[in-house]
Every structure is written in structure tokens, then in C-alpha cells.
Amino acid sequence: MNAQKSYKTATIMFYNVENLYDTIKSADIINGNLSPEDKRYQISVPEDSALTSGLEIYRGELNFNKLKGKNVIRKHILTDEFYYKGSKLWNSKKYNEKIRNITKVFSETGKTETQSTPAIIGVCEIENEHVLKDLCNGMKNYGKIYDFIHYNSFDARGVDVALLYDKTRFIPINRKRLQVYLRNEAGYREYTRDILLVEGLLDGEKMYFFVNHWPSRLGGEQKSLPKRMAAAQVVKTAMDSILKINTSAKMLAMGDFNDDPNSPSIKKVFHTVFKKDQVKKDTYYNPAEYLFKKGMGTLAYKDTFNFFDQQILSPAFVNNKDGYTFYKMNVFSPAYLVSQEGAKKGYPFRSFSGDNYTGGYSDHYPIYSIFVTELK
């Protein structure tokens, strides 16, 4: 009689948490004497502290070379909204509820299948380290110890991407911020979120994670498409360079791409496929496309669902049977994450309707993938 095989699982999730700002008006202090890879290069501080520091407010192009040797203040454009006198009347009570809401989602995503919380969590629309620390502290209520990796970006709204990870399962080795350079029609620099690259060991196996939040469709899908094509090319170039060194590298690019799985930024740049038997060495695997074809989505607009939140996998997650392999992807959308009434009934139960706080979670559903490895 053959002994029954045993497997270990890992959940990797991504969640656009919708404008997770703290309650303090913030500004960034940029220290151009440090390497841009140093997390102290650009730190978020209370705006009052920044303005009384004696440093000048920087109004030039935000460029690593132009900032070299400078120690300056960089203001945000939306921070005035997110405090108690701002247009959103944002206060500690609302903020703490939002933290509890998001950590509840973290704790339950993938748990039905794995009986555990996610090993890796990618997030976007977070303001700074303060909110990430509060999210990690919130996970302690579920008996879990998480840490995070994050850089402040030059995004005009002051929101960034980050990676949270279960400290008992993941050990970071290297981290890097990848910038997307955009110019508007007048030739001036446009700022978007950096792409976060983290290399580390998940249960002892080396993996690479790219966390993304690509430029929005503001101004129209087609007119704004070149910006997302540019972001996609930055990620694809980085992933290809890793594959040139190690064809069996396990890489996962996750994020809010502001495009669907069949959009040119995904299909044409990454050459994605959605069937496992189509995965070759020169393709990337996008399981979100299969779910999208089934009519699923992660956010709704004008009564139509889009699937902007995706995970793109390197071939080794499908073809390499050693270590973790891809098992399944899903959208996490329990009833409490769905609006039950009003004009947005059936949409994700969001945190804001204009300037009004609705007590919800996010205008996006999280996605998650489950990976399995056989225990020897």
C-alpha cells in the first residue's frame, strides 16, 4: 500500500487597499546624500515637522541625479484631505476601523483552502511606514508576526506599493525600487508608483516578487495606455534579465495593473498564456485571464467588472516540479466585501464614496494564488 503524499501550501495575495492614509498631514524629506536604495533616502514625516526643519521645499524635477547631495522637503498633493480638518474628515476612529477591516481580509484570504494566513501579501495605495506598521500590529490579533518592505516613491499622491510577509516563512535577501519614467505632452516628468522587487526565501526556496501599481486610465484607456506599456516593459525587462541568469527562477509579478488580462500591456509585453500546457520558456503564465474569461473581476465601473488585479508567473512555477508549484488562483469576495444595497449594490464595498467614509474595505477585491509543494 502506498503511503499518502503530504503537501505544504503557501498563499500569495495582492490587495489594493484604497487610499490607506494615516491621520497626520505628511511630507517627505529626501536625503540625496544617501543611496536611493536606502529606505532612509525618502522618509515620510509630519508636515509641520518638515516645514520647521529649516530645509527648503523642492520644486524641481524629482530625479535621483538632480537630488544628489540635496537635503530637501517634498510635499504631497492629497495629504490635506486625510486629516480631521480635511475634506474627508479623516480621524483616528475611522482610520483604526480601516486597519481592522484590512487585517480581517488579510487573515481570511485563502484560509478556507490552507487553514493559514498568506505567506506573502502585496499591497498598493498605502501612504507610508506608519500604516504598514499598524497593519503588521493588527495581524498580531490573529497570532501572526508580519514585517514589511517598502520605499516611498515620487508618486504625486504620496501612495506606494509594499510587500508584507510572514516572518516565520519568508526571509528577504535583496530589495530594489524600479522606477517608471514618464513624460507628458509638454515634456515634463510625470510621476507614478515605483515597482518593488524583493528577492527572498519562502520556506527556504528562492523567489522573486514584483509589486506593482501601474498608471491609471485617467484621460481614457487608449490615451493612457502608453504609460502602462512603459511600466510593463520595466517589469518584463527585469524578469527577463533574471531568467537569463537562471532559467528556472521563480518570479511573480503582482499588482493593480489598471488593465485587464487581455490588454496590450499584458498580452503583448509579457506574451502571457492562461493554460498550463501552453507555458513555454518564452511565455509568462497569467491565471487571472482564465478567471476573467469566466466573467469574474476585481473592481466594477459603470456596472462592468474589470480584472485589474493580477499575478503573472514565470514558467518555473508551472513546469518545474521541484519546490512550490502553482495550484490555483481566485478572487476573495465574501459577502462582507460586497455592497449589499444602493447604486453600488454588487460592487466591492469600498471605504469612500467621494469624500464620505462608508465604513467599507476597498473598491477592489483581493486576489490570491495557492502554491503547493510535496513534503519529502
**Q** Is a donor from one side chain sitting under 3.5 angstrom from an acceptor on the other, for Asn141 and Arg100?
**A** no
**Q** Check whether more than 12 heavy atoms from other residues, nucleotides or ligands sit under 6.0 Å from atom NZ of Lys167, and answer yes or no.
**A** no
**Q** Less than 6.0 Å separating the ring centroids of Tyr95 and Tyr21?
**A** no
**Q** Please check if the side chain of Thr298 supplies one atom and the backbone of Phe307 the other of a donor-acceptor pair under 3.5 Å.
**A** no
**Q** Would you name the heavy atoms of Cys124 and Val161 that are closest together and state the gap between them?
**A** CB-CG1, 3.9 Å
**Q** Is it true that the side chains of Tyr284 and Asp240 contain a donor and an acceptor less than 3.5 Å apart?
**A** yes
**Q** Do Tyr208 and Ile12 land in one hydrophobic cluster if side-chain heavy atoms of ILVMFWY residues count as linked below 4.5 Å?
**A** no
**Q** Step through the shown structure and confirm whether more than 12 heavy atoms of other residues, nucleotides or ligands are within 6.0 Å of NZ on Lys276.
**A** yes
**Q** So, the side chain of Ser362 versus the backbone of Asn16: is there a donor-acceptor pair under 3.5 Å, distance only?
**A** yes
**Q** Does Tyr357 reach the main-chain N or O of Gly360 with its side chain, forming a donor-acceptor pair under 3.5 Å?
**A** no
**Q** Closest approach of Lys140 and Ile145, non-hydrogen atoms and distance?
**A** CG-CD1, 4.1 Å
**Q** For Lys236, does the NZ atom sit with more than 12 other heavy atoms under 6.0 Å from it, leaving out its own atoms?
**A** yes
**Q** Check each of Tyr285, Phe326, Phe371 against Phe317 using the ring pair (Phe, Tyr, Trp, His ring centres under 6.0 Å) test, and report the only one that passes.
**A** Phe371
**Q** Can we call the ring centroids of Phe257 and Trp214 under 6.0 Å apart?
**A** yes
**Q** Charged N to carboxylate O under 4.0 angstrom, Glu56 versus Lys70?
**A** no
**Q** Looking at side-chain heavy atoms only, is the closest gap between Leu20 and Leu135 below 4.5 Å?
**A** yes
**Q** How close do Ala231 and Pro215 get, counting heavy atoms only, and between which atoms?
**A** CB-CD, 4.1 Å
**Q** Apply side chain to side chain contact (heavy atoms under 4.5 Å, CB included) to Val198 and Asn174, showing your working.
**A** CA-CA 6 Å; Val198 178; Asn174 291 308; over 6 Å; no
**Q** Less than 4.5 Å apart, any side-chain heavy atom of Lys39 and any of His150?
**A** no
**Q** Flag yes if Met229 and Tyr191 sit in one hydrophobic cluster, no otherwise; membership is Ile, Leu, Val, Met, Phe, Trp, Tyr, and two members link when side-chain heavy atoms are under 4.5 Å apart.
**A** no
**Q** Is the side chain of Asn320 donor-acceptor paired with the backbone N or O of Pro315 at a distance under 3.5 Å, no angle test?
**A** no
**Q** Please evaluate residues Tyr83 and Asp22 with respect to the criterion side chain to side chain donor-acceptor pair (under 3.5 Å), reporting the C-alpha separation (whole Å), side-chain torsions for both, the decisive distance (0.1 Å), and the verdict.
**A** CA-CA 8 Å; Tyr83 83 118; Asp22 62 22; over 6 Å; no
**Q** Are Lys321 and Glu374 within salt-bridge range, i.e. N to O under 4.0 Å?
**A** no
**Q** Check this for me: does any side-chain nitrogen of one of Glu127 and Lys98 sit under 4.0 Å from a carboxylate oxygen of the other?
**A** no
**Q** Under 3.5 Å, side chain of Asp28 to main-chain N/O of Ile30, donor-acceptor pair present?
**A** no
**Q** Give a yes or no on whether a salt bridge exists between Arg175 and Glu199, defined as a side-chain N under 4.0 angstrom from a carboxylate O.
**A** no
**Q** Is any side-chain N of the basic residue among Lys267 and Glu289 closer than 4.0 Å to the acidic one's carboxylate O?
**A** yes
**Q** Group every Ile, Leu, Val, Met, Phe, Trp and Tyr by side-chain heavy-atom contacts under 4.5 Å, then state whether Met254 and Met251 land in the same group.
**A** no
**Q** Indicate whether the side chain of Asn152 and that of Ser44 have a donor and an acceptor atom separated by less than 3.5 Å.
**A** no
**Q** Report yes or no: do Asn262 and Asp260 form a side-chain donor-acceptor pair below 3.5 Å?
**A** no
**Q** To the nearest 0.5 Å, how far apart are CZ in Arg183 and NZ in Lys227?
**A** 13.0 Å
**Q** Going by atom types alone, do Glu47 and Ser26 pair a side-chain donor with an acceptor below 3.5 Å?
**A** no
**Q** Is the closest side-chain donor-acceptor distance between Tyr336 and Glu108 under 3.5 Å?
**A** yes
**Q** Under 4.5 Å between any side-chain heavy atoms of Leu299 and Asp363, yes or no?
**A** no
**Q** Any salt bridge linking Asp203 with Lys8? Criterion: basic side-chain nitrogen under 4.0 Å from a carboxylate oxygen.
**A** yes
**Q** Looking at Phe170, Phe148, Phe106, which hits ring pair (Phe, Tyr, Trp, His ring centres under 6.0 Å) with Tyr165?
**A** Phe170
**Q** Can any side-chain N or O of Asn96 pair as donor or acceptor with the backbone N or O of Ser92 at less than 3.5 Å?
**A** yes
**Q** Kindly check if the number of other-residue, nucleotide or ligand heavy atoms within 6.0 Å of NZ (Lys75) is above 12?
**A** no
**Q** What I'd like to find out is whether the side chain of Val105 reaches to under 4.5 Å of the side chain of Tyr15, using heavy atoms alone.
**A** yes
**Q** Keeping Thr103 on the side-chain end and Ile99 on the backbone end, is there a donor-acceptor pair under 3.5 Å?
**A** yes
**Q** For the residue pair Thr358 and Phe349, establish whether any side-chain heavy-atom pair is separated by less than 4.5 Å.
**A** yes
**Q** For atom OH of Tyr142, is the number of surrounding heavy atoms from other residues, nucleotides or ligands below 6.0 Å larger than 12?
**A** yes
**Q** Check step by step if side chain to side chain donor-acceptor pair (under 3.5 Å) holds for Ser265 and Asp259.
**A** CA-CA 7 Å; Ser265 60; Asp259 267 336; 2.7 Å; yes
**Q** Can you name the nearest heavy-atom pair linking Pro366 to Leu337, along with the distance?
**A** CD-CD1, 4.0 Å
**Q** Does Arg350 come within less than 4.0 Å of Glu18, counting only side-chain N to carboxylate O?
**A** yes
**Q** Are Arg217 and Glu221 close enough for a salt bridge, meaning some N to O gap below 4.0 Å?
**A** yes
**Q** Can you find a heavy atom in the side chain of Leu252 that is under 4.5 Å from one in the side chain of Ile312?
**A** no
**Q** Should the heavy atoms of other residues, nucleotides or ligands under 6.0 Å from CG of Leu218 be counted, would the total exceed 12?
**A** no
**Q** Using 4.0 Å as the upper bound for N to carboxylate O, is an ion pair formed by Lys280 and Asp282?
**A** no
**Q** Does a donor on one side chain sit under 3.5 Å from an acceptor on the other, for Asp194 and Ser153?
**A** no
**Q** Is it the case that the side chain of Glu205 and the backbone of Tyr324 share a donor-acceptor pair, with hydrogens and angles ignored and the cut-off at 3.5 Å?
**A** yes
**Q** Considering all heavy atoms of both residues, which atom of Asn63 and which atom of Phe154 are nearest to each other, and what is their separation?
**A** N-CE1, 4.3 Å
**Q** Quick check on the hydrophobic clustering: are Phe308 and Val17 connected, directly or via other members, by side-chain heavy-atom contacts under 4.5 Å?
**A** no
**Q** Is it true that atom CD1 of Ile171 has more than 12 heavy atoms of other residues, nucleotides or ligands lying nearer than 6.0 Å?
**A** no
**Q** Among the clusters formed by ILVMFWY side chains lying less than 4.5 Å apart, do Tyr151 and Ile121 turn up in the same one?
**A** yes
**Q** Could you report the tightest heavy-atom contact between Pro287 and Leu313, atom names first, then the distance?
**A** CD-CD1, 4.2 Å
**Q** Tell me if the NZ atom of Lys94 is crowded by more than 12 foreign heavy atoms within 6.0 Å.
**A** yes
**Q** Quick one: does Thr114's side chain have a donor or acceptor within less than 3.5 Å of a partner on Ser116's backbone?
**A** yes
**Q** Do side-chain atoms of Arg193 reach the backbone of His213 as a donor and acceptor pair under 3.5 angstrom?
**A** yes
**Q** Given side chains that start at C-beta, do those of Ile266 and Gln310 come closer than 4.5 Å, heavy atoms only?
**A** yes
**Q** For the residue pair Lys176 and Glu37, establish whether any side-chain heavy-atom pair is separated by less than 4.5 Å.
**A** yes
